[in-house]
Structures are given as C-alpha cells and as structure tokens.
Protein chains: 2
Amino acid sequence: MLNQSSPLDLTFQALADPTRRALVERLVRGPASVSELARPLDMSLPAVMQHLAVLESSGLVRSEKVGRVRTCRIDAAQLSLAEQWINQRRLEWASCLDRLGDYLETLKNNDGEES
Amino acid sequence: MLNQSSPLDLTFQALADPTRRALVERLVRGPASVSELARPLDMSLPAVMQHLAVLESSGLVRSEKVGRVRTCRIDAAQLSLAEQWINQRRLEWASCLDRLGDYLETLKNNDGEES
DNA sequence: GAGATACTAAAGCATATGCTTAACCAATCA
DNA sequence: TGATTGGTTAAGCATATGCTTTAGTATCTC
C-alpha cells in the first residue's frame, strides 16, 4: 500500500465513513469547534479528532486554533475535485451509450436496405 | 466497525482506491472481461478479482458470466448516488455563504445608518 | 481426450483503520 | 491559585484491506 495516496484517494477515503460524512454535513452549514462537532456523535473526543485529522489531510476541512478552541470549516474546492471525477465518468458513460445507440441505428438501417 | 455499511459508504470506499477508479475509467468506455481488465494492471489476477468484487458489492459494477468469460459493465445509478451526495453538500455550502453575504451586507448598511 | 484459457477459492501476511483509555497541556474562570 | 474547559498525545487492540501464492474448476480448442 505504501502511503503514496493521491488527493482523490484521500478525498473519497475521507467520504467513505459515515461519521466523517456527518461532520461534513454539519460543517457545510457553517464553522464549528471540535467539541461542538463531537457533541452529537456517539464516540470519544479523540476518535472525533482522528476523523477530523483524516478530513483535514484530505483537504476537505481546514481548521485554526484561537486560544484553546479549534474552529473547523469546509474547504469546498476538494468537494469539487471528487464531484468532477464522478461527473467526468458519467459524461464518458453517456457518450458511450450514444455511440452504442448510433451503432444500433446504423445496424437497423443497413438491415432495412438488405433484401 | 461491524459490517453495516450503507450504499454511500460502499460507493465512496470503492472509489477510494486508484486501481478501482482505473477499472471504472475503463468500464465507462464499454464492457470488458475480467482478464481484459486485468491486462494493463500491475498485479495478479486474483487481486483484480477482489477489486471487482468490491466494485460489484458497491453496485458500481455488474457482471455476468457466459461460458467461461465474465463480462463486467458499469451501473451508472450508483455513480449518481455519490455525485448527488456531494452536490447536495455543495449546494448547502453555497447557500450558507449566501446567508453570510446577506448578513455582512446588513451589517454594512446598519453601519452606514449609525451616529 | 489433452492441452490451453478464463476465472475462482482459499490461505496467509503486512499494513491500515477505527476505535478505546489514560495521561497530559494550556487557556479560562472563580 | 486552583479547578474547569477544550483539546492533544500516546499506546493498545480488534477488525479490515490489499495484496500474494497455490491450487483448483469449468470451458473452449485442437
């Protein structure tokens, strides 16, 4: 495996966990402190911190500490990256279907011309 | 952890691996057999099969065996699911930014009215 | 029927992941 | 100053993941 993960690896990996998606769902509605984020979650604070570390290393979340409270916020650029990858695949898939459609159409027409 | 993964978990998890994304990138251009998919990849056939199993259990890929060859193809519905989740988050984030903008605008106006 | 081909099944292994608990530090409050 | 609050570090543990190799089992092809 050997840690050479691409940004896309890290982003999808980050989104693959329900707790982390819950954190993202919370953070898109505005910034929050660590303990604020942890409150509704049914796990220890260190566990939440580890999820936040994953989100931060993927670039989905940024944070800064003022006094003793760390405030976390979304970085939407990384969300776009993941979305774009998926969107690109769907576009290719659609154009593949189109070509298939054209091909089938051609077959049908040629069939019509045969005797 | 205890295997109770949601479809979204499985989909993002499936997309988190570069080999599996490569398989998806290949398959959006049309169906392919297992060995055809394995050919360009630098790993054993069983390893590729395991990746395909992950993709299939996530719903991103379907396959059927005819004779001795198994043909794999994309199921785009599952791609949409992942895309929709991300898109939803981006929409919420945008509307959050809008509200913030409105709020700042209000502050500015009130500021102008003061003294 | 004897290969070759295409895939599958099983075991094993190294590393990664998702938690926990038990300290610990550093701002803030009383 | 001494307690509280908010966060951090470290260690440990169970399970999951991503491979490997080895040994199959069906299907073709000749």
Side-chain angles (χ1 to χ4, degrees), chain A residues 1-27 30-73, chain B residues 1-24 26-27 31-73:
Chain A
M1 255 173 269
L2 268 123
N3 263 352
Q4 299 174 299
S5 302
S6 76
L8 221 37
D9 290 353
L10 294 171
T11 303
F12 282 127
Q13 181 63 25
L15 294 177
D17 184 277
T19 302
R20 285 194 295 262
R21 283 201 310 279
L23 288 170
V24 169
E25 285 174 14
R26 166 64 190 78
L27 285 173
S33 74
V34 172
S35 45
E36 201 172 339
L37 290 169
R39 196 143 27 235
L41 299 177
D42 189 25
M43 65 181 63
S44 69
L45 192 61
V48 175
M49 302 255 318
Q50 283 163 38
H51 282 302
L52 284 171
V54 172
L55 286 169
E56 201 153 354
S57 81
S58 79
L60 283 167
V61 164
R62 281 174 306 116
S63 76
E64 53 184 349
K65 197 168 179 176
V66 174
R68 63 180 168 177
V69 23
R70 174 173 298 278
T71 303
C72 306
R73 66 191 70 242
Chain B
M1 255 175 269
L2 268 124
N3 264 351
Q4 298 174 301
S5 302
S6 76
L8 222 37
D9 290 353
L10 295 172
T11 303
F12 282 127
Q13 181 63 26
L15 295 177
D17 183 276
T19 302
R20 284 193 296 261
R21 283 202 308 280
L23 288 169
V24 169
R26 166 63 190 78
L27 285 173
S33 73
V34 172
S35 43
E36 202 172 338
L37 290 170
R39 194 141 28 234
L41 300 177
D42 189 24
M43 65 181 63
S44 68
L45 191 62
V48 175
M49 300 255 321
Q50 282 162 38
H51 282 301
L52 284 171
V54 172
L55 286 168
E56 200 152 356
S57 81
S58 78
L60 282 167
V61 164
R62 281 173 305 115
S63 76
E64 54 182 348
K65 196 167 179 176
V66 174
R68 63 182 167 176
V69 24
R70 175 173 299 279
T71 302
C72 306
R73 64 192 71 241

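Below, chain A is the first sequence line, B the second, and so on; all start at residue 1.
- Contact annotation: Ser35(B) side-chain N/O to dT5(C) OP1/OP2 distance is not under 4.0 Å.
- Rounded to whole Å, the distance from CZ on Phe12(B) to P on dT17(D) is 17 Å.
- With rounding to whole Å, Glu36(B) atom CD is found 14 Å from dC7(C) atom C1'.
- Residues Gln13(B) and Ser33(A) each lie close to DNA chain D; by heavy-atom proximity, the contact nearer the 5' end of the strand is made by Ser33(A).
- Annotation for Ser63(A) and Glu56(A): closest pair OG-OE2, 3.0 Å, computed over non-hydrogen atoms.
- Atom pair Lys65(A):NZ and dT5(D):P shows a separation of 17 Å (rounding to whole Å applied).
- Note that SG of Cys72(B) is 5.5 Å distant from CG of Leu37(B), once rounded to the nearest 0.5 Å.
- One distance of note links CG of Leu41(B) with NE2 of His51(B); it measures 8.0 Å at 0.5 Å rounding.
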How does each nucleotide of nucleotides 24-30 of chain D score, in 5' to 3' order, for protein heavy atoms under 4.0 Å: base (B), sugar-phosphate only (S), or none (-)? ---BS--
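- If you measure from atom CZ of Arg70(A) to atom P of dT28(C), you get 15 Å, rounded to the nearest angstrom.
- For Arg20(A), taking side-chain heavy atoms from C-beta onward, the closest of the listed nucleotides dC7(C), dG18(C), dT8(D) is dG18(C).
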Could you pull out all donor-acceptor pairs under 3.5 Å where a side-chain atom in residues 10-17 of chain B meets a protein atom, sequence neighbours excluded?
| residue | atom | partner | partner atom | Å |
| --- | --- | --- | --- | --- |
| Thr11(B) | OG1 | Pro7(B) | O | 2.8 |
| Thr11(B) | OG1 | Gln78(B) | NE2 | 3.2 |
| Asp17(B) | OD1 | Thr19(B) | N | 2.8 |
| Asp17(B) | OD1 | Arg20(B) | N | 3.2 |

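- For the residue pair Arg73(A) and Pro31(A), the shortest heavy atom distance occurs at NH1-CG, 3.3 Å.
- For Asp17(A) and dT15(D), the CG to C1' distance is 14 Å, given to the nearest whole Å.
- Using a 4.0 Å heavy-atom criterion, one finds that Arg39(A) contacts no nucleic acid atom at all.
- Taking CG from Leu23(B) and CG from Leu60(B), the interatomic distance works out to 11.0 Å, rounded to the nearest 0.5 Å.
- A distance of 11.5 Å separates CZ in Arg70(B) from OG in Ser33(B), rounded to the nearest 0.5 Å.
- Within the model, atoms OG1 of Thr71(A) and CZ of Arg62(A) stand 12.0 Å from one another, a figure rounded to the nearest 0.5 Å.
- Computed from coordinates, the Asp9(A) CG to dG18(D) P distance equals 10 Å when rounded to whole Å.
- In terms of heavy atoms, Leu45(A) sits closest to Ser35(A) at CD1-CA, 4.4 Å.
- Near DNA chain D, meaning a heavy atom under 4.0 Å from it, residues 41-60 of chain B has Met43(B), Ser44(B), Pro46(B), Ala47(B), Gln50(B), His51(B) in order of number.
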